[in-house]
Amino acid sequence: GAGVSQSPSNKVTEKGKDVELRCDPISGHTALYWYRQSLGQGLEFLIYFQGNSAPDKSGLPSDRFSAERTGGSVSTLTIQRTQQEDSAVYLCASSLSWAGAFQYFGPGTRLTVT
Amino acid sequence: AQSVTQPDIHITVSEGASLELRCNYSYGATPYLFWYVQSPGQGLQLLLKYFSGDTLVQGIKGFEAEFKRSQSSFNLRKPSVHWSDAAEYFCAVGPSGGGSQGNLIFGKGTKLSVKP
């Protein structure tokens, strides 16, 4: 596609439910990043994929968060047993390679946990 | 620790006035530097980036930024602000060398309001 796409654009869920957020990177981009943007916290890095592997998962805020990437393309961020503090905009970015390459951002998924 | 500081949370300028948004970073080596803009409900759009070479970089929409190594700063400037520039601006740093992780570290953003 022309850019990074994310779905859904908005998600409202009840506390305790699981949610899945999807990211479609730009075709051919091997690196994929997830960030979270919440009020007062700015943009924080969650996880990075090079191909299908995630070398560093230390940015995930808790073990309720997980992510996978298949076929070197689509990535899914899963949040289990959602809490109100998970409410945020989740942004995905992709780049041709790791470090230093320009990251293209998707429009984000706004998650609201009620 | 690696960090980016944007000291101004909110700035208001009059349309046509000049603008400077401040950014300071703490990083182990010379990083790659970026400025992004985010309009309400939109994703992040890259304004400009510094990788190496000339320390004054030009970006889109008439923006420029100057890398000052001695001050660990990468301030964003625009000579004449337009109402459409009202948005939130993020400074970010990324690794310029090898490593297993290429994530960007962002400042907390500066919200720009433009008075008519």
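Naming: A, B, ... by sequence-line order, numbering from 1 per chain.
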Are [X] and [Y] in one and the same hydrophobic cluster, where Ile, Leu, Val, Met, Phe, Trp and Tyr link if side-chain heavy atoms are under 4.5 Å apart?
| X | Y | result |
| --- | --- | --- |
| V4(A) | W34(A) | no |
| F45(A) | L60(A) | no |
| F49(A) | I26(A) | no |
| Y90(A) | I47(A) | yes |
| L46(A) | L104(B) | no |

By a 4.5 Å heavy-atom criterion (distance strictly below it), what part of Q6(B) contacts chain A: side chain, backbone, both, or neither?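 Contact with chain A involves no heavy atom of Q6(B) at all.
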
Which atom pair, heavy atoms only, marks the closest approach of Y36(B) to Q103(A)?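 So the two residues come closest at OH-O, 3.2 Å.
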
Could you list the residues that satisfy salt bridge (charged side-chain N to carboxylate O under 4.0 Å, His left out) with E68(A), not counting sequence neighbours?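 So E68(A) forms no salt bridge (charged side-chain N to carboxylate O under 4.0 Å, His left out) with any residue.
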
Residues that E66(B) engages under salt bridge (charged side-chain N to carboxylate O under 4.0 Å, His left out), provided they are two or more places apart: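 Scan of E66(B) (salt bridge (charged side-chain N to carboxylate O under 4.0 Å, His left out), adjacent residues dropped) gives R77(B).
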
Answer whether the closest heavy-atom distance between the side chains of L43(A) and F90(B) falls below 4.5 Å.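 Yes, their side chains come closer than 4.5 Å.
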
Indicate yes or no: at least one non-hydrogen side-chain atom of Y35(A) is less than 4.5 angstrom from one of F106(B).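 Yes - at least one pair of side-chain heavy atoms lies under 4.5 Å apart.
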
Only heavy atoms, only distances under 4.5 angstrom. Which residues in residues 104-114 of chain A are near chain B?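 Residues in range: F105(A), G106(A), P107(A).
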
I need the contact set between residues 74-84 of chain A and chain B: heavy-atom distance under 4.5 Å, sorted by residue number.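 So far as heavy atoms go, nothing in residues 74-84 of chain A approaches chain B to under 4.5 Å.
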
For the NZ atom of K108(B) and the CD atom of Q37(A), what is their distance to the nearest 0.5 Å?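 Interatomic distance, K108(B) NZ to Q37(A) CD, rounded to 0.5 Å: 12.5 Å.
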
For the CD atom on E85(A), are there more than 12 heavy atoms of other groups (residues, nucleotides or ligands in this structure) within a distance under 6.0 Å?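 Counting neighbours around CD of E85(A), more than 12 heavy atoms of other residues, nucleotides or ligands fall under 6.0 Å, so yes.
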
Do other residues, nucleotides or ligands put more than 12 heavy atoms under 6.0 Å from I9(B) CD1?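 No, the 6.0 Å shell around CD1 holds no more than 12 heavy atoms from other groups.
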
